[in-house]
2 protein chains.
Amino acid sequence: MKRYERYADEIARLIADRALQPGDRLPSVRQASAHRGISPATVFQAYYLLESRGLAEARPRSGYYVAARALPAPAEPRLSRPRRRSSGVEVSELVFEVLGSVKDRDVVPLGSAFPSPQLFPMAQLARGLAAGLKRLDPWRTVEDLTPGSARLREQIALRYRLDGLEVSAEEIVITNGALEALNLSLQALTRPGDTVIVESPTFYAALQALEQQHLKALEVATHPRTGIDLAALAQALERHTVKACWLMPNFQNPLGSLMPDANKQALVELLAAHGVPLIEDDVYGELHHGTRRPPPAKAWDRAGGVLHCASFSKSLAPGYRVGWVAAGRHAQAIERRKLMTTLSAAVPSQLALSEYLDRGGYDRHLRRLRPALARQQTLALRTIARHFPAGTRVARPEGGYFLWIELPASVDALALHRLALAQRISLAPGQLFSTDRRFRHHVRLNHGHPDDPRFESALQTVGRLAGELAAAGRVA
Amino acid sequence: MKRYERYADEIARLIADRALQPGDRLPSVRQASAHRGISPATVFQAYYLLESRGLAEARPRSGYYVAARALPAPAEPRLSRPRRRSSGVEVSELVFEVLGSVKDRDVVPLGSAFPSPQLFPMAQLARGLAAGLKRLDPWRTVEDLTPGSARLREQIALRYRLDGLEVSAEEIVITNGALEALNLSLQALTRPGDTVIVESPTFYAALQALEQQHLKALEVATHPRTGIDLAALAQALERHTVKACWLMPNFQNPLGSLMPDANKQALVELLAAHGVPLIEDDVYGELHHGTRRPPPAKAWDRAGGVLHCASFSKSLAPGYRVGWVAAGRHAQAIERRKLMTTLSAAVPSQLALSEYLDRGGYDRHLRRLRPALARQQTLALRTIARHFPAGTRVARPEGGYFLWIELPASVDALALHRLALAQRISLAPGQLFSTDRRFRHHVRLNHGHPDDPRFESALQTVGRLAGELAAAGRVA
């Protein structure tokens, strides 16, 4: 951790502990520099980081203050209460119907699952690819087939090691994005008719995967800040025969929840005790807004039962379709399924990532990307606080680019989606995120397009439309 | 068709009709040129083409003669006689065990499924990709997601139109190679437990796909020259409830058989009458050794029931993982399944193909590639005729790079595979190509590595080993 990050963390802790209160002035740069023996530039960097995380704000000619946060701070959404039985899955039609508009540039993409493509170092990736292809030995087109380029797998294993995880290149299979890694994991662990545990709410692509593989979903209560409820999970494991869990401990989609480390450890131990493998979807872990990448649950895996799925698609190279799974003792089963279904990830894409990682730009890029997402989250939360109807609840995730918004109960999210779309704004209505369309007054909102000048006013429009629906609902 | 190709075709027809016999002298270049009013260079080109197809041979200072063909010409393998009931599929373990060695450069890849990577214009593809990436609008990483780059789909549709097929860009879904196209087609058409018709023998990847999707295979007799037996197919359709057919009308893997046009038309009509969709695997169609790309069965599709799967992997860009399916009325179902499983093909790979196709080098490349494969086939057939045991049967496919060899019944192909591997030579034993390991004295041989100096002597070694096994079998 850099010096300025350490200093920012200290201040953040004081704010969290309420030792520093909203509106309090932070030490002047000169004071802090003298007091701590750090350079003024370091203090500036720390304050800038706090600002990007929405914790501090600069006042012209006056200095830095603890941010007033969203005014008034909305409450966080409530814990979900899913059904206690498993059920077949039929969500795809609705997903396709609702998300058909996301590729249209004229529509403000609040409903998109992707961050803005402008956020990524496309030119550098292209240069690396061009240079790599020039030197490419044609035999690599055979040798880099599944399980994938040996060099790239080594580089990924190295990143795990730098994060303190013992993951060997041998257990890594390169896939066409994390989505394929997750699908292959599911295939390797289940047969049609089996039951799989997911969060409630859960990412619709997980539900679609279950649907397509003729599996049953068992949804377990999940907290908007701390992730899956371990007591509810333990109960579910007692009551049901479960073949796998598909969870997102880091910045869950759609909640943005982050499981505390202790919960992750307990989760891995609980599942190991029941002999249930964990399919860990960790595509947002690199997009934390703080100073430390939260460890994946895989960090506590002793038995090789965690299949850690991740990718470069959301954090570095959209469209390159390079993901992977560190599959522990299931690596061979995954590799075989990969061979049988899509054979291999694209060799040029693997090469581009390898070249880029070798040149060492990834962490530098991430240090730019994270505050861009965090600042836009602050803007979104402020706009919601000011323009959404009373009773709106929203959590403040510590990473990623989604906000999960609980609207007043009288607002139907599908109706809101249709009204917004008429204004050329997309939304992801809550109904997409469970098997029984339970989250009918919730929406998932993407704030990953900081370069989109239409963002703030689009969000205001959604707030106004929600207010109108809420008022109409109260009357009716 | 070029003038020299037309002239070569005329001569080839005379040879096929036995108007010209093995050993006959062809007209001298001067004679032919004067007689036909074509330039000597054109005659040379035609004779060179005939030579590359194994139909003519040059004798020093004497001119061109009708080739003596393989001496003595081995008989073609017999028509298969598969079981008449469908069965579950468990072939994967054997496939993985046998084919594990194919990526090893030290092993002569007679068992490989791929042609030599040296045959492809890797440098030109890389240049196109680099140029394209420089101009890439980042939004394309969103817009080129499934169903794929609009430009590439238009280019593929154009190639269909140039071949006289009416296929619109709208029904084309870009996939991660043809293997994914085939798998997605199967997913879209079936549910676990359904029965699918395949050829006998059939490509092991088809069997693996059925296995993985918990489907039953119904194998239908297939002729080594003319493809699936239509009478046997009609019977199978009467007797069984079948959800799809997965067939390779052009240069079937492993047989190399090519269905005559009339058979293709009858096939499409028969399946349409039964309401059974055809999954057409056409990855070798571009690799014909003659002058005309054989039309796919899709050319006779009136009802949109043919899902035509193809790719660039075997003919232009190995490792790029770009294939497609022209899915007729099943296009939307395929697109949705693609979205749910791997999201999209890699954008850089799609771009590379688009750029390359725009520059117009594909057909020029194919005109070099085809004779290279055809010449190597001639070499392989001669070597087999001279070095394999009496009773060996082999067909002479008109395209692709596989030979299907029926050895004397006493030779166990798995034993031969093990002996060959000990000599650093891989083979694809016949047992891989059916659900019941029926083809136990057959092997599939890859002659798609004309740049490999070890090819001829490796093939001689295999012949010697087969001879030893045959002799031991006769004694036992």
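Please read all numbers here as calculations on a predicted model, not as lab measurements. Numbered from 1 within each chain, the chains take letters A, B, ... in sequence-line order.
Between chain B and the options Ala209(A), Ala205(A), Pro192(A), heavy-atom pairs under 4.5 Å are most frequent for Pro192(A). Taking Arg140(B), Gln187(B), Met122(B) one by one and counting their heavy-atom pairs under 4.5 Å with chain A, the maximum is reached by Gln187(B). Annotation: maximal heavy-atom pairing with chain A below 4.5 Å, among Asp104(B), Asp137(B), Asp144(B), occurs at Asp137(B). By number of non-hydrogen pairs under 4.5 angstrom with chain A, the leading residue of Ser344(B), Gly177(B), Ser349(B) is Ser344(B). Among Arg191(A), Gln350(A), Glu211(A), the residue with the largest count of heavy-atom pairs under 4.5 Å with chain B is Arg191(A). For the set Gln118(B), Gln208(B), Glu143(B), Arg336(B), the entry with the most heavy-atom pairs within less than 4.5 Å of chain A is Arg336(B). Taking Pro348(A), Ala352(A), Ala126(A) one by one and counting their heavy-atom pairs under 4.5 Å with chain B, the maximum is reached by Pro348(A).
With values rounded to the nearest 0.5 angstrom, Leu182(A) atom CG is found 12.5 Å from Thr342(B) atom OG1. Distance CD/Gln212(A) to CZ/Arg337(B): 5.5 Å, rounded to 0.5 Å.
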Query raised in the report: Leu343(A) and Arg321(B): side chain to side chain contact (heavy atoms under 4.5 Å, CB included), yes or no, with the steps?
Result: CA-CA 8 Å; Leu343(A) 189 59; Arg321(B) 308 304 305 137; 3.3 Å; yes
Requested in this report: Assess whether side chain to side chain contact (heavy atoms under 4.5 Å, CB included) is satisfied between Met340(B) and Leu179(A), documenting all intermediate values.
Outcome: CA-CA 8 Å; Met340(B) 287 191 276; Leu179(A) 186 61; 5.8 Å; no
Report task. Might you work through the side chain to side chain contact (heavy atoms under 4.5 Å, CB included) test for Thr141(A) and Phe114(B), ending with a clear yes or no? Result -> CA-CA 10 Å; Thr141(A) 62; Phe114(B) 307 104; over 6 Å; no
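Remark: side-chain polar atoms of Arg127(A) are not paired, donor with acceptor, to backbone N or O of Ala130(B) under 3.5 angstrom. Asn176(A) places no side-chain N or O within donor-acceptor distance of the main-chain N or O of Thr341(B), the cut-off being under 3.5 Å.
For Thr175(A), no part lies under 4.5 angstrom from a heavy atom of chain B. Neither the backbone nor the side chain of Ser313(B) comes within less than 4.5 Å of any heavy atom of chain A. Of the atoms belonging to Leu125(B), not a single heavy atom falls under 4.5 Å from chain A. Residue contact with chain B, scored on non-hydrogen atoms closer than 4.5 Å, is absent for Ala317(A). Contacts between Leu184(A) and chain B at a heavy-atom distance below 4.5 Å are absent for every atom of the residue. If you measure heavy-atom distances from Gln213(B) to chain A, you find no contacts under 4.5 Å at all.
For the pair Ala346(A) and Tyr320(B), the tightest heavy-atom approach, listed with the atom from each and the gap, is CB-O, 3.5 Å.
Phe120(A) is not listed as a side-chain neighbour of Pro138(B), based on a closest heavy-atom distance of 4.5 Å or more. Pro318(B) has its side chain out of reach of Val142(A): every pair of non-hydrogen atoms, C-beta onward, lies at least 4.5 Å apart.
Atom CZ of Arg359(A) has more than 12 heavy atoms from other residues, nucleotides or ligands within 6.0 Å. Within a 6.0 Å radius of CD in Gln332(A), other residues, nucleotides and ligands contribute 12 heavy atoms or fewer.
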